[in-house]
Amino acid sequence: MATAIRHDVEEIDQWEIVRRAELADAGEARAAREWLERHTAGVHYDGAKLTPELLERQIRSYLAVRELIDEWRLDFSGIKGQPELTQYFATMDVTEAFLNDPYDWNGPKEPHVCATEADMDGALTMQLLKRVAGTPVLFADVRHYHADRDIWDLCNSGQHATWFAARSADPAENLAKVHLYPEVFFFPAGGASVHHLAAPGRMTLARLTRLDGAYRMQLMLGEFENYDQQTNEALMKQSTREWPHAFARLDVRAEDFLNRFGANHIHAVPGDHRAVVRATCELLDVTVDEFTR
């Protein structure tokens, strides 16, 4: 059966980010960098992979993508990033995090769904979840399973919106839990990784994957968890500490999840929205593949 989902894609060369970033407002980039220095838990300059100049380059990239979104009237987007930008320009971590946030240094704004690695099935999932929940949407790798605790570390570069750090309407409360660390060796061009640990709470997790060419919505409930500082640090160091993390206890046995889940990326919104996701998928003629213990 053919899926009812249809979407048009605009292919925009990554050079447009580089080109427009060089033309972006240097005064706004400087003011935004100073805003981040004031409000985050720390901007950890190392003089090499993270400098004020590199952070401003990332901010100008954000301004460039915002310009592209307005000009092309994009509903949601994805940025390929690797390897061109991450090797020769800067990572898009700051761009992706603040596009997905409900604010930036200029104040409140509508979150714009942006997926890293140009994962457009991920972006499509996020757009659906954003409409259902009315909140920013998490984008993460299914990075590591801590079998001793039955929790998953959901972690992807600097992609998580900073809103997830505390899920507060006050940006300062979220940013007080956010660190900007120098990028790790995967990304030679450097820039800041937007690090934090997602706040605890019930989550709806979902992902549009494909089976025999047709979309299916893989859906489950979970809980984000936090522990004492020593435990949090020890768990984060088992993958990539500098990246943002969400410790998730999923309502699915690990063996079942690994056998059936059809992507390396997963998405989440706060609360239990499964009933609305099911109804939406029924309207779209998309099969729901639901996980539960």
Give the intermediate values and the outcome of ring pair (Phe, Tyr, Trp, His ring centres under 6.0 Å) for residues H267 and H265. CA-CA 7 Å; H267 315 285; H265 295 149; 7.0 Å; no

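- Residues L250 and L205 meet the side-chain proximity criterion, which asks for heavy atoms closer than 4.5 Å.
- Side chain of N226 to backbone of A198: a donor-acceptor contact under 3.5 angstrom is found.
- For the pair T116 and M92, the minimum side-chain heavy-atom distance is 4.5 Å or more.
- V43 and T40 get closest at one heavy-atom pair: CG2-OG1, 3.6 Å.
- In this structure, the side chains of F247 and D153 come closer than 4.5 Å at one or more pairs of heavy atoms.
- Side-chain N or O atoms of D93 include none that pairs as donor or acceptor with a backbone N or O of S157 at under 3.5 Å.
- At a threshold of 4.5 Å between non-hydrogen side-chain atoms, the residues F76 and C114 do not count as touching.
- In this structure, T95 contributes its side chain and Y62 its backbone to a donor-acceptor pair below 3.5 Å.
- Not one N or O on the side chain of K177 forms a donor-acceptor pair closer than 3.5 Å with the backbone of L197.
- One distance of note links NZ of K237 with CG of L235; it measures 11.0 Å at 0.5 Å rounding.
- In plain terms, the two heavy atoms of P270 and R167 that are nearest each other are CG-CD, 3.5 Å.
- Using a cutoff of 4.0 Å between basic side-chain nitrogens and carboxylate oxygens, R260 and D256 are scored as salt-bridged.
- In this structure, CH2 on W35 lies 6.5 Å from NE2 on H39, to the nearest 0.5 angstrom.
- The closest side-chain donor-acceptor pair between S61 and R20, if any, does not fall under 3.5 angstrom.
- Counting only distance, with no hydrogens or angles, the side chain of H112 and the backbone of E96 share no donor-acceptor pair below 3.5 Å.
- Side chains of E37 and Y45 form a contact here, defined as non-hydrogen atoms less than 4.5 Å apart.
- Side-chain N or O atoms of T231 include none that pairs as donor or acceptor with a backbone N or O of Y227 at under 3.5 Å.
- With hydrogens and angles ignored, the 3.5 Å screen pairs no side-chain donor or acceptor of D121 with any backbone N or O of T209.
- The heavy-atom pair separating A165 from V178 by the smallest distance is CB-CG2, 4.1 Å.
- The heavy-atom pair separating L180 from A192 by the smallest distance is CB-CB, 3.9 Å.
- One side chain, T91 or Q58, offers a donor N or O that lies under 3.5 Å from an acceptor on the other.
- By the rule that hydrophobic residues join a cluster once side-chain heavy atoms approach within less than 4.5 Å of another member, F89 and I59 end up as members of one cluster.
- You'll find the side chain of R143 stays beyond 4.5 Å of the side chain of W152, heavy atoms only.
- Under a hydrophobic-cluster definition in which Ile, Leu, Val, Met, Phe, Trp and Tyr are linked whenever side-chain heavy atoms come within less than 4.5 Å, directly or via other members, V18 and W72 are assigned to the same cluster.
- The side-chain heavy atoms of V194 and V94, taken from C-beta on, include a pair separated by under 4.5 Å.
- If you take OG1 on T292 and CZ on R274, they are separated by 7.0 Å, rounding to the nearest 0.5 Å.
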List the steps, then state whether side-chain contact (heavy atoms from CB on, under 4.5 Å) holds for V113 with D75. CA-CA 8 Å; V113 162; D75 294 310; over 6 Å; no

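- A donor-acceptor pair shorter than 3.5 Å can be found between the side chains of T162 and Y103.
- In this structure, L99 is a member of the same hydrophobic cluster as L74, with clusters built from ILVMFWY side-chain heavy atoms closer than 4.5 Å.
- Separating the NE2 atom in H245 from the SG atom in C155 is a distance of 4.0 Å, to the nearest 0.5 Å.
- Of the possible donor and acceptor atoms, none in the side chain of S168 sits under 3.5 Å from a partner among the backbone N and O of E173.
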Given the rule in the ring pair (Phe, Tyr, Trp, His ring centres under 6.0 Å) test, do H179 and H196 qualify, once you have shown the distances and angles that lead to the verdict? CA-CA 6 Å; H179 292 263; H196 58 83; over 10 Å; no

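- A salt bridge links R33 with E56; the closest basic N to acidic carboxylate O contact falls under 4.0 Å.
- Within a 6.0 Å radius of CD in E233, more than 12 heavy atoms belonging to other residues, nucleotides or ligands are found.
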Start with the C-alpha gap between L128 and T280, add the side-chain angles, then the distance that decides, and say whether side-chain contact (heavy atoms from CB on, under 4.5 Å) holds. CA-CA 9 Å; L128 187 152; T280 303; 4.0 Å; yes

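- A cation-pi geometry, defined here as NZ or CZ lying under 6.0 Å from the six-membered ring centre and within 45° of its normal, does not hold between R66 and F98.
- Side-chain atoms of T125 come within 3.5 Å of backbone N or O of L208 as a donor-acceptor pair.
- In this structure, OG1 in T135 is found 8.0 Å from CG in L129, a value given to the nearest 0.5 Å.
- Here the closest non-hydrogen pair linking Y145 and I151 is CD1-O, 3.4 Å.
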side-chain contact (heavy atoms from CB on, under 4.5 Å) evaluation trace for M217 with D289: CA-CA 6 Å; M217 178 64 80; D289 177 18; over 6 Å; no

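- The aromatic ring centres of W243 and Y181 sit 6.0 Å or more apart.
- A 4.5 Å side-chain heavy-atom check between M126 and L138 finds every atom pair outside the cut-off.
- Under the 6.0 Å distance and 45° angle rule, R207 does not count as a cation-pi partner of F261.
- To the nearest 0.5 Å, atoms CZ (R38) and CG (L175) are separated by 11.0 Å.
- The pair K109-D104 fails the salt-bridge criterion, with no side-chain N (NZ, NE, NH1 or NH2) lying under 4.0 Å from an Asp/Glu carboxylate O.
- For N156 (side chain) and Q159 (main-chain N/O), no donor-acceptor pair under 3.5 Å exists by modelled atom type.
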What verdict does the side-chain contact (heavy atoms from CB on, under 4.5 Å) test give for L50 and E183, after you've listed the backbone C-alpha separation in whole Å, the side-chain angles of each residue and the deciding distance to 0.1 Å? CA-CA 7 Å; L50 181 56; E183 279 293 4; over 6 Å; no

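- Salt bridge status for R249 with E225: present, with a side-chain N to carboxylate O gap under 4.0 Å.
- In this structure, R73 places its CZ atom where only 12 or fewer heavy-atom neighbours from other residues, nucleotides or ligands lie under 6.0 Å away.
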Decide yes or no on ring pair (Phe, Tyr, Trp, His ring centres under 6.0 Å) for F139 and H160, but give the supporting numbers first. CA-CA 6 Å; F139 179 112; H160 298 191; 8.5 Å; no

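- Taking 4.0 Å as the cut-off between side-chain N and carboxylate O, E117 and K80 do not count as a salt-bridged pair.
- The pair E110-K130 meets the salt-bridge criterion, with a side-chain N (NZ, NE, NH1 or NH2) lying under 4.0 Å from an Asp/Glu carboxylate O.
- One side chain, E28 or W105, offers a donor N or O that lies under 3.5 Å from an acceptor on the other.
- Heavy-atom neighbours of D148 CG from other residues, nucleotides or ligands within 6.0 Å: above the threshold of 12.
- Closest approach of A90 to R57, counting heavy atoms only: CB-CD, 4.0 Å.
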